[in-house]
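Values in this document were obtained by computation on a predicted structure and should not be read as measured data. Chain letters run A, B, ... following the sequence lines, proteins first, then strands; residues in each count from 1.
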Amino acid sequence: MSGKKEDFVPLVPEQVRMYVCGITAYDVCHLGHARSAIVFDIIKRYLRYKGLKVTHVRNITDIDDKIINRAAKENVSYDVIAKKYTEEYYRDMNMLGVSRADLEPNATDHIKEMIETIKGLIDKGYAYPVNGDVYFEVSKFSGYGKLSKKNVDDLMSGARVEVDERKRSPLDFALWKSSKEGEPWWESPWGKGRPGWHIECTAMSSKYLGESFDIHGGGADLIFPHHENEIAQSEAYTGKPFVKYWMHNGFITVAKEKMSKSLGNFFTIKDILEKYEPEVVRYFLLSTHYRSPIEFSDAQLTESELSIDRYYSTVTRIKDFLETAGAAEKPGTSADLEKLLSAFKDKFHHTMNDDFNTASALGFIFELIREANRFLDSKPSGQKAKELVIKTGELLAEIGGVMNIFNKTPEEWYRSLMKVKKLEFSEESLLLKIAERQEARKQKDWAKADTIRKELEAKGIILEDKKDGTTWKVKAG
RNA sequence: GGCGACGUACCCAAGUGGCAAGGGAGAGGUCUGCAAAACCUUUAUUCAGCGGUUCGAAUCCGCUCGUCGCCUCCA
């Protein structure tokens with residue numbers, strides 16, 4: 001609310017109540033929806049990792065003008081549209097590794113609660129009914145504009161506020177809308193109608209999290225008017241502070257412009273996942289701080305893919321080392337690695353505690369990767385070396401686990417890459433080729449060995465000759 | 001017009017008062033049959049520009065320029 005970073009102190013010690021605006025189920029999701037979902041998923045995971053008890057609510061708007069329009073266009077009932085795109089949403093989210101919220105309420109299951117809230121607002125003089133509609137009277141709520149830092153006079157003078165004769169002021173917004181012919185409706189004290197958009201979040205958040213709670217999140221485009229209106233409704237109704245900490249993720253841009261439905265410059269999650277591994281998308285979205293804009297491009301996603309590949313290459317090295325390391329105690333150059341290992345968690349916690357700086361956290365991971373590689377390059381062996389390497393692997397897995405990335409085996413990663421890059425041959429035929437080449441190498445028939453290697457490379461497979469055999473991987477990038 | 005955010009190397013990006021993380025790309029090297037991977041060296045005496053505060057500024061303040069966002073549905 002201050003517009004600045006603040007120390008996080010939950011209202012109830014050790015417990016975090018968090019409400020995040022989900023989607024309106026009227027169309028397939030684009031990458032912008034993915035960003036919001038992933039950002040708040042990580043925030044939840046990190047808070048839990050730190051031992052806090054988190055209750056996470058994420059709503060789904062299943063009644064709204066856009067849904068009604070879409071339904072009319074497709075000549076089906078509104079709930080068919082809502083159901084269809086809710087399912088699509090969950091499919092996308094599953095693919096992206098976004099965990100489910102603890103509660104995922106639908107607007108239409110909470111009509112009763114909304115009507116109660118609206119009634120209360122009328123009773124308290126903050127809202128007025130007009131011909132079956134109910135409006136919130138903004139001028140009655142003195143704090144209006146405190147989140148979006150707008151003042152009522154400026155808004156009034158703005159020519160873009162739509163004029164509606166029935167409203168007392170152009171700034172007033174609908175709590176309840178009377179239904180027109182053929183539209184879905186619910187019975188209410190003001191006649192047949194449906195709820196306005198903002199009221200569902202007020203009614204559902206207070207039902208599941210209480211009148212005051214800790215974190216409310218969503219995309220930055222929801223700040224005004226949605227979240228501003230939520231504050232007005234909620235605080236007018238309860239007389240209590242609504243939300244302690246507001247968190248808003250930045251936009252995804254395409255050619256510097258906000259990716260959005262109305263501009264038509266959006267990429268759907270489905271389309272992106274046709275070309276990129278889900279982990280790549282996740283990594284990409286975490287590689288910039290959540291509040292900053294992030295430019296979407298193939299080059300960016302390709303870079304993310306290369307970064308992840310570097311990670312899995314090192315995991316492979318770690319595995320190889322643990323399988324083959326000798327027993328003789330050879331310390332190698334372990335000093336830097338040991339130093340980094342002992343400082344690593346503190347560094348990670350520190351940067352994540354500072355407003356969830358995942359980009360910085362990823363940087364630390366690659367520092368550790370480099371030190372681990374350096375250590376392995378120094379050809380260590382023996383029990384102590386193994387322990388260091390095991391510790392490294394565990395730390396990487398732990399931190400990756402919090403961000404829900406880096407949680408595959410290298411084999412799974414390369415198989416997944418193979419699929420997404422649509423490489424058209426089987427692992428068996430690949431192994432056959434490798435065996436054939438191995439034979440050639442034994443005969444020192446380098447020409448043949450190189451031909452096979454080049455042939456595979458042209459198809460997107462990289463071979464790596466190691467002491468005790470040849471391994472394959474999919475060419476990243 | 002009002003309000004707000006941002007501008008860090010060739011590209012992406014962290015850093016909000018004490019010697020500029022990390023990734024990609026480029027160049028050179030070590031290793032290798034040759035590669036790949038990895039590692040090493042190298043690429044910002046400088047953080048859009050100008051001025052101020054300070055022992056000290058990418059970081060705080062002011063102005064200028066540039067980009068974007070919100071003010072209407074939006075993640």
Side-chain angles (χ1 to χ4, degrees), chain A residues 3 5 20-24 26 29-40 64-66 69 145 148-151 153-162 197 217-226 228 248-253 256-263 266 283-284 287-289 291-295 297 299-300 302-311 313-314 316-317 347 351 354 357-378 441 444-447 449-450 453-454 457 462-467 470-473 475 477:
Chain A
K5 282 195 266 192
V20 181
C21 287
I23 54 146
T24 298
Y26 77 105
C29 291
H30 65 218
L31 196 60
H33 300 99
R35 184 175 197 192
S36 175
I38 287 173
V39 160
F40 289 100
D64 163 274
D65 289 353
K66 292 195 290 287
N69 292 341
S148 54
K149 311 241 181 328
K150 297 184 185 308
N151 74 62
D153 295 339
D154 289 344
L155 287 168
M156 285 294 280
S157 64
R160 301 174 70 187
V161 178
E162 128 198 27
W197 175 34
D221 43 7
L222 298 181
I223 294 172
F224 191 92
H226 185 51
E228 199 65 70
H248 293 99
N249 61 274
F251 301 126
I252 294 181
T253 58
K256 296 254 180 172
E257 274 187 324
K258 177 186 171 187
M259 181 185 287
S260 76
K261 268 294 170 44
S262 34
L263 286 171
F266 60 90
Y283 181 96
F284 165 67
S287 65
T288 299
H289 186 92
R291 276 187 279 107
S292 304
I294 182 170
E295 172 77 9
S297 70
Q300 290 290 88
T302 300
E303 267 197 28
S304 296
E305 187 174 292
L306 285 166
S307 298
I308 296 172
D309 196 62
R310 178 167 161 77
Y311 178 91
S313 294
T314 303
T316 302
R317 278 195 86 180
K347 284 171 78 170
T351 203
D354 186 8
N357 196 335
T358 53
S360 160
L362 290 173
F364 294 152
I365 285 183
F366 285 100
E367 260 177 47
L368 181 54
I369 293 267
R370 193 186 59 228
E371 283 311 327
N373 276 317
R374 281 181 55 174
F375 178 58
L376 292 171
D377 276 358
S378 72
R441 292 185 71 215
K444 298 210 191 296
D445 185 352
W446 305 126
D450 290 353
R453 187 170 60 200
K454 273 193 190 127
E457 191 181 348
I462 300 284
L463 296 186
E464 294 191 2
D465 294 330
K466 298 175 185 174
K467 250 193 207 122
T470 298
T471 56
W472 64 273
K473 62 181 199 176
K475 191 176 191 319

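Comparing B/A37, B/A75, B/G23 by their closest approach to the side chain of A/Ile252 singles out B/A75. When distances are taken from the side chain of A/Lys150 to each of B/C70, B/G23, B/C74, the shortest belongs to B/C70. Closest to the side chain of A/Ser292, out of B/A14, B/G23, B/C34, is B/A14. With B/C11, B/C68, B/A14 as the candidates, the nucleotide lying closest to the side chain of A/Glu303 is B/C11. Nearest to the side chain of A/Asn373, among B/A38, B/C68, B/C73, sits B/A38. Distance from the side chain of A/Asp154 is smallest to B/G2 among B/G2, B/C39, B/C73. Of the candidates B/G69, B/A37, B/A13, B/A13 carries the atom nearest the A/Thr288 side chain, counting heavy atoms from C-beta on. The side chain of A/Ala359 lies closest to B/A14, out of B/C12, B/A14, B/C39. Of the candidate nucleotides B/C71, B/A14, B/G33, B/C71 has the atom nearest to the side chain of A/Phe224. Side-chain proximity of A/Leu306 to the nucleotides B/G24, B/C73, B/A75 is greatest for B/G24.
With hydrogens and angles ignored, a donor-acceptor pair closer than 3.5 Å exists between the side chain of A/Arg453 and the base of B/A35. The base of B/C34 lies close enough to the side chain of A/Asp465 for a donor and an acceptor atom to sit less than 3.5 Å apart. For A/Lys261 and B/C73, a side-chain-to-base donor-acceptor distance below 3.5 Å is absent, hydrogens and geometry of angles not being considered. Interface remark: the A/Asp450 side chain does form a donor-acceptor pair with the B/G33 base, using a distance-only criterion of under 3.5 Å.
Classified by interplanar angle (parallel below 30°, tilted 30° to 60°, perpendicular above 60°), the ring pair A/Tyr283/A/Phe366 is perpendicular.
Each of A/Thr253 and A/Gly218 was matched to the nucleotide of RNA chain B holding its nearest heavy atom; the match closer to the 5' end belongs to A/Thr253. Residue order along RNA chain B, read from the 5' end via each residue's closest nucleotide, puts A/Asn357 first among A/Asn357 and A/Arg374.
A gap of 12 Å separates the C1' atoms of B/U8 and B/A21, to the nearest Å. When the C1' atom is used for both B/A57 and B/C47, the distance is 11 Å, rounded to whole Å. Across B/A27 and B/G69, the matching P atoms stand 37 Å from one another, rounded to whole Å. Going from the P atom of B/A35 to that of B/U16 covers 44 Å, rounded to whole Å. Nucleotides B/U67 and B/C60, compared at atom C1', are 23 Å apart to the nearest Å. The same atom, P, is picked in B/C6 and in B/A20; the two are 22 Å apart, to the nearest Å. Between B/C71 and B/A38, the distance separating the two P atoms is 45 Å to the nearest Å. B/U46 and B/A58 are spaced 11 Å apart, taking the P atom of each and rounding to whole Å.
A salt bridge links A/Asp377 to A/Arg317: one of the charged nitrogens lies within less than 4.0 Å of a carboxylate oxygen. Checked for salt-bridge contact, A/Lys347 and A/Glu367 meet the test: a charged N lies under 4.0 Å from a carboxylate O. Using a 4.0 Å cut-off between charged side-chain N and carboxylate O, A/Lys475 and A/Asp309 make no salt bridge. Classification of A/Glu371 and A/Arg374 as a salt-bridged pair holds, one side-chain N sitting under 4.0 Å from a carboxylate O.
The interatomic distance linking A/Phe284 (CZ) with B/G23 (C1') rounds to 14 Å, in whole Å. As a whole-Å value, the separation of A/Leu376 CG from B/C31 P is 19 Å. One can place CZ of A/Phe366 at 7 Å from P of B/G23, the figure rounded to the nearest angstrom. For A/His289 and B/A5, the NE2 to P distance is 14 Å, given to the nearest whole Å. Atom pair A/Glu228:CD and B/C3:P shows a separation of 16 Å (rounding to whole Å applied). A straight line from NZ of A/Lys347 to P of B/G15 spans 14 Å, rounded to a whole angstrom. Note: OH (A/Tyr26) to C1' (B/C74) measures 7 Å, nearest angstrom. Distance CD1 (A/Ile223) to P (B/G2): 20 Å, rounded to an integer number of Å.
Remark: B/C47 base-pairs with no nucleotide in the shown strands. Criterion, Watson-Crick or G-U wobble with two distances under 3.5 Å. Nucleotide B/U41 forms a Watson-Crick or G-U wobble pair with B/A27, both donor-acceptor distances falling under 3.5 Å. A 3.5 Å limit on both hydrogen-bonding distances identifies B/C6 as the Watson-Crick or G-U partner of B/G66. Base pairing of B/U32 is not made with any nucleotide, judged by Watson-Crick or G-U wobble geometry with both donor-acceptor distances under 3.5 Å. Using Watson-Crick or G-U wobble geometry with both donor-acceptor distances under 3.5 Å, B/A14 finds no partner in any strand shown. In this structure, B/C60 and B/G52 make a Watson-Crick or G-U wobble pair, each of the two defining distances being under 3.5 angstrom. For B/G1, the paired base is B/C71 (Watson-Crick or G-U wobble, both distances below 3.5 Å). Both distances falling under 3.5 Å, in either a Watson-Crick or a G-U wobble arrangement, occur for no nucleotide opposite B/A21.
Within 4.0 Å (heavy atoms only), A/Phe251 reaches at least one base atom of the nucleic acid. Heavy atoms of A/Lys444 sit nowhere under 4.0 angstrom from any nucleic acid atom. Residue A/His30 is classed as a base contact, given a heavy-atom separation below 4.0 Å to a base. If you check every strand for non-hydrogen atoms under 4.0 Å, A/Arg441 touches a base. If you check every strand for non-hydrogen atoms under 4.0 Å, A/Glu464 touches a base. Within 4.0 Å of A/Gly219, counting heavy atoms only, lie sugar-phosphate atoms of the nucleic acid but no base atom. Note on A/Lys149: only backbone sugar-phosphate atoms sit closer than 4.0 angstrom, heavy atoms only; bases stay farther off. If you check every strand for non-hydrogen atoms under 4.0 Å, A/Gly477 touches nothing.
Looking at A/Asn151 and A/Asp154, their side chains do bring a donor and an acceptor atom within 3.5 Å of each other. In this structure, a donor-acceptor pair under 3.5 Å is absent between the side chains of A/Thr24 and A/Asp64. Looking only at atom types and distance, the side chain of A/Arg291 has no donor-acceptor partner in the side chain of A/Asn249 under 3.5 Å away.
Contact between the side-chain N/O atoms of A/Asn249 and the OP1/OP2 oxygens of B/A75 is not found at any separation under 4.0 Å. Regarding contacts with the backbone of B/C74, a side-chain N or O of A/Trp197 is found under 4.0 angstrom from either OP1 or OP2. Contact between the side-chain N/O atoms of A/Arg310 and the OP1/OP2 oxygens of B/G23 is found at a separation under 4.0 Å.
Partners of A/His289 by ring-ring contact (aromatic ring centres under 6.0 Å, His included), not counting sequence neighbours: none found. Judged as a ring-ring contact (aromatic ring centres under 6.0 Å, His included), and not counting sequence neighbours, A/Phe224 has no contacts.
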